[in-house]
> 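Handing you a structure now.
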Amino acid sequence: MLAHHDLRPAPVYVAEEDYDRLANLARGGRTAGARLLERELERAVVLQPGEGPAQFVRLGSTVSYRDLASGEARRVELVAPDRADIDAGRLSVLSPVGAALVGLCPGACFSWTGEDGRPRVVVVEAVAG
């Protein structure tokens, strides 16, 4: 299943209005997700209003994605850590999956190695908001 997707790093887009907040959240965290978010922000394309793709994952977006290792599909709202509640479908941007999804467009894949040493790959299927 993984062979059907391009696993090169997809472009990461961040709205200028969100960049500082995301960078502060990443710097303040000591988790694997915070470190991943910080690395992704270092390579992000920072967009002015009206620039870039029409849809990309940002705080407050509702994202449909698939975990290519497990085949599991999920639909979540990406939120700041203080609003996270996975049972209510709100995924923290500082979780590894949340950090991986930030800035991706529909169709984009992101891969990383989990803390357990296993490869992880997610593909964004749809973005709203």
> Closest approach of Ala99 and Glu40, non-hydrogen atoms and distance?
O-CG, 4.4 Å
> Are Val14 and Val45 connected, step by step, through hydrophobic side chains (Ile, Leu, Val, Met, Phe, Trp, Tyr) whose heavy atoms are closer than 4.5 Å?
no
> Excluding sequence neighbours, so at least two apart, what forms side chain to side chain donor-acceptor pair (under 3.5 Å) with Arg27?
Asn24
> Does Trp112 form a side chain to side chain contact (heavy atoms under 4.5 Å, CB included) with Val122? I'd like the steps, not just the answer.
CA-CA 9 Å; Trp112 75 101; Val122 293; 4.0 Å; yes
> Can you name the closest pair of heavy atoms from Leu91 and Ser95 and give their distance?
CD1-OG, 3.4 Å
> Just how far is it from atom CG of Leu59 to atom OG of Ser92, taken to the nearest 0.5 Å?
9.0 Å
> Within this structure, what is the CG-CD distance for the pair Leu25 and Glu38, rounded to the nearest 0.5 Å?
11.5 Å
> For a quick test of your reading: what N or O donor-acceptor pairs under 3.5 Å do the side chains of residues 72-83 make, sequence neighbours left out?
none

> Any link between Val63 and Leu41 through a network of hydrophobic side chains (Ile, Leu, Val, Met, Phe, Trp, Tyr) touching at under 4.5 Å?
yes
> On a heavy-atom basis, which atom in Phe110 and which in Leu36 lie closest, and how many Å separate them?
CZ-CD1, 3.8 Å
> Grab the two heavy atoms, one from Val123 and one from Gly107, that are nearest each other, plus how far apart they are.
CG2-O, 3.8 Å
> So if you build clusters from Ile, Leu, Val, Met, Phe, Trp, Tyr with side-chain heavy-atom gaps below 4.5 Å, do Ile86 and Leu94 land together?
yes
> Which residue pairs pass the salt bridge (charged side-chain N to carboxylate O under 4.0 Å, His left out) test when at least one of the two sits in residues 120-129, sequence neighbours left out?
Arg66-Glu125, Asp67-Arg120
> In Å, rounded to the nearest 0.5 Å, how long is the span from CZ of Arg35 to CD of Glu115?
6.0 Å
> Is there a continuous path of hydrophobic side-chain contacts, each under 4.5 Å between heavy atoms, that joins Val127 to Leu101?
yes
> Closest approach of Pro11 and Leu104, non-hydrogen atoms and distance?
O-CD2, 3.8 Å
> For Arg30, does the CZ atom have more than 12 heavy-atom neighbours from other residues, nucleotides or ligands under 6.0 Å away?
no
> Is there a path of hydrophobic side-chain contacts, each under 4.5 Å between heavy atoms of I, L, V, M, F, W or Y residues, that connects Tyr19 with Leu47?
no
> Evaluate Val57 against Tyr65 for side chain to side chain contact (heavy atoms under 4.5 Å, CB included), listing each step before the verdict.
CA-CA 11 Å; Val57 179; Tyr65 73 93; over 6 Å; no
> Ignoring hydrogens, what is the shortest heavy-atom contact between Ser61 and Gly129? Give both atom names and the distance.
OG-O, 3.2 Å
